[in-house]
Amino acid sequence: MRSLPVADPGTPDARSPIHYLLWVARRQAGPLAVGIGYAIVWWIAMALVPIAVGAGIDAIRAEDTSALLICGAVVLALGTVQAVAGTMRHRMAVFNWLSAAYRTVQVIARQATRLGATLPKRVSTGEVVSVGNSDIAHIGNALDILLRAVGSVFAIVTVTVILIRTSVPLGLTVLVGVPIMTVAVAPLLRPLHRRQHEHRDLQGELSTRAADIVAGLRVLRGVGGEQVFADRYAGESQKVRHAGVRVASVQSVLEGAQILLPGLLIAGVTWLGATFALRDEITTGDLVAFYGAAVFLIAPMRTLTEAADKLAKGHVAAGRVVRILNLEPEVAGGTGDSGAACQGGLLRDVASGVAVRPGIFTAVAAASPEESIAIADRLGRYTDGDVDFGDVPLDRLPLAEVRRRILVADNGAALFAGRLRDELDTTGKASEEDLAAALHTACAEDIIGALPDGLDSEVAEAGREFSGGQQQRLRLARALTADPEVLILVEPTSAVDAHSEARIADRLAKARSGRTTLVCTTSPLVLDRADHVIYVEEGVVRARGTHRELLATAPAYAATVTREEG
């Protein structure tokens, strides 16, 4: 299936998690700068409110009505600015969160498309699912917290400067106390980072286990293995729970420190301020302003510790993303202009000797299924191999051209959620007649007829509403609708009944008449319709001919086919 068109997210810097987070930040530098500006205004407006209130109290004591009115107007203006800036800051925070999260989704989806068949070999399903489920949220949080964290630093500096100008001892207490509070929580970050990393790994493994169980539930029920796998899943989920508890134990200490340490600072500042007020070194309004400022400092200081926590989680999440982004495809396409010069022709796998002649319905029967799958993968350039396509080595063609001209359809292909018509016509170019012909060839008309909205019906994830045989027929219809120059089918009838298999074999031979087709199968019904049959044993061609000729002249071929028939 082709991915939906999206805006180019750019080429990420995946040297390390830090580089990736910085790359994301650079890609949305404008919105980040605007959001930080709103955050600074929002924080400073809040920080100045206690100062204005303190000045108002002094005006009351001095019975200065005009000064009191001015202070009241300043408090009202600060409240208005705070409301507007806070709303815009939150709007920009959500924008930056979504931008970071979905930019990560885009680069992961693009990398998954580039890796193709390499991805499931190198990364588990659970790992990829976890990136989409939780890692994008942590990366979004890391960008989101930057707005409030930078603004909180400006607020702390503003309050500290005002306090120092009012009272040097109190100002210095805040100036020294804030860094001490911040440094005091630093020892908690390393164990938190490590435990989050372990928890994330176990979550990925558990997601993989869950995906495997769901995919094989029907088989498990058939062999009575549900309880065994349920017990295994329960055991692994307990490991995830214990890891989560270990993470929470550190987080709880961190949360407690976020309240205790600022509280101690506030208590100290308030005590000193009260002492100075009793000595008439500061006014009552100054004391109220100092207390309000000290209470206000709890919020920016908690924001700084929250930023340390979210940035640590974002670092862990970015590490998972970087791991996927640093993977390279097992095969690469050519970079020259040989694609334009290649006119197609004989498709030949040198290692096995299998040659697919143009315009011929060819079948490969192998002594073991793995041998035919390996040949199909090499012919389709999913694994490296010495393969010629006409007069041009296949590895010299651009990979996109190989995918366009040679289609390998096996039973591992998935049905995706969405409208069935779009699922079958992946290019969006097929006519109603093309779809009807493909469905007829695959004997899938009855499947469409049973659906309430026909081809416009919605398909559930992985096509789970269809049986195994129905899914196989729909996959075959999708491959036929694509109508590639070379079509390679791997066991296209292994899950259907004998009557359907006979009809498919007959219709497939007629539908692909004059088109280059290779079917890897040991089904006698399909082999009997092939123009040319190749028997492979131990990875090399042992016999060639028609199905009936090989039955009479190649005992090993006959034994392989009749076992399948029996």
Flag for [Y]-[X]: side-chain donor and acceptor within less than 3.5 Å:
X	Y	answer
Gln106	Arg103	no
Ser99	Asn96	no
Glu491	Asn411	no

Does [X] reach the side chain of [Y], with side-chain heavy atoms less than 4.5 Å apart?
X	Y	answer
Leu518	Val486	no
Asp422	Phe416	no
Ile108	Asp135	no
Trp97	Asn141	yes
Ile504	Arg473	yes
Leu455	Ile448	yes
Val519	Pro492	yes
Asp410	Tyr382	no

Heavy-atom closest contact ([X] atom, [Y] atom, distance):
X	Y	value
Arg512	Glu485	NH2-O, 4.1 Å
Thr383	Ala374	OG1-O, 4.5 Å
Ala495	Gln472	N-OE1, 2.7 Å
Leu32	Ala25	CD1-O, 3.6 Å
Cys443	Ser500	SG-O, 4.2 Å
Phe466	Gln471	O-NE2, 3.2 Å

Apply the test side-chain contact (heavy atoms from CB on, under 4.5 Å) to residues Leu474 and Val459: give CA-CA distance (whole Å), side-chain angles for both, the deciding distance (0.1 Å), then the verdict.
CA-CA 11 Å; Leu474 289 173; Val459 178; over 6 Å; no
Any Lys/Arg nitrogen of [X] or [Y] sitting under 4.0 Å from an Asp/Glu carboxylate oxygen of the other?
X	Y	value
Glu432	Arg421	yes
Asp483	Arg515	yes
Glu401	Arg404	yes
Asp506	Lys510	yes

Testing Leu487, Ile488, Leu347, Ile406 one by one against Val356 for a side-chain contact (heavy atoms from CB on, under 4.5 Å), which residue passes?
Leu347
If you measure from [atom1] on [X] to [atom2] on [Y], what distance do you get to the nearest 0.5 Å?
X	Y	atom1	atom2	answer
Thr560	Glu537	OG1	CD	7.0 Å
Lys310	Lys313	NZ	NZ	8.0 Å
Leu435	Leu480	CG	CG	11.0 Å
Leu407	Arg478	CG	CZ	9.0 Å
Glu423	Leu415	CD	CG	5.0 Å
Asp434	Asp425	CG	CG	8.0 Å

Is a donor on one side and an acceptor on the other found under 3.5 Å between the side chain of [X] and the backbone of [Y]?
X	Y	value
Thr546	Glu549	yes
Thr522	Val561	no
Glu458	Ala417	no
Gln111	Ile324	yes
Arg403	Gly380	yes

Between Val387 and Asp395, does the side-chain contact (heavy atoms from CB on, under 4.5 Å) criterion hold? Intermediate values first, please.
CA-CA 8 Å; Val387 178; Asp395 58 6; over 6 Å; no
Atom CZ of Arg548 with >12 non-hydrogen neighbours under 6.0 angstrom
no
Just wondering, are more than 12 heavy atoms of other shown residues or ligands nearer than 6.0 Å to CZ in Arg241?
yes
Quick test of your reading: applying ring-ring contact (aromatic ring centres under 6.0 Å, His included), list the pairs with at least one residue in residues 493-540, sequence neighbours left out, ordered by first then second residue.
Tyr535-Tyr557
Chi angles and distances behind the side-chain contact (heavy atoms from CB on, under 4.5 Å) call for Leu420, Leu451:
CA-CA 10 Å; Leu420 183 56; Leu451 296 175; 3.5 Å; yes
Please lay out, stage by stage, how Arg529 and Leu508 fare under the test side-chain contact (heavy atoms from CB on, under 4.5 Å).
CA-CA 9 Å; Arg529 270 70 170 186; Leu508 182 61; over 6 Å; no
Going by salt bridge (charged side-chain N to carboxylate O under 4.0 Å, His left out), name the residues that satisfy it together with Glu465, two or more places apart in sequence or in a different chain.
none
By salt bridge (charged side-chain N to carboxylate O under 4.0 Å, His left out) - contacts of Asp349 (at least two apart):
Arg378
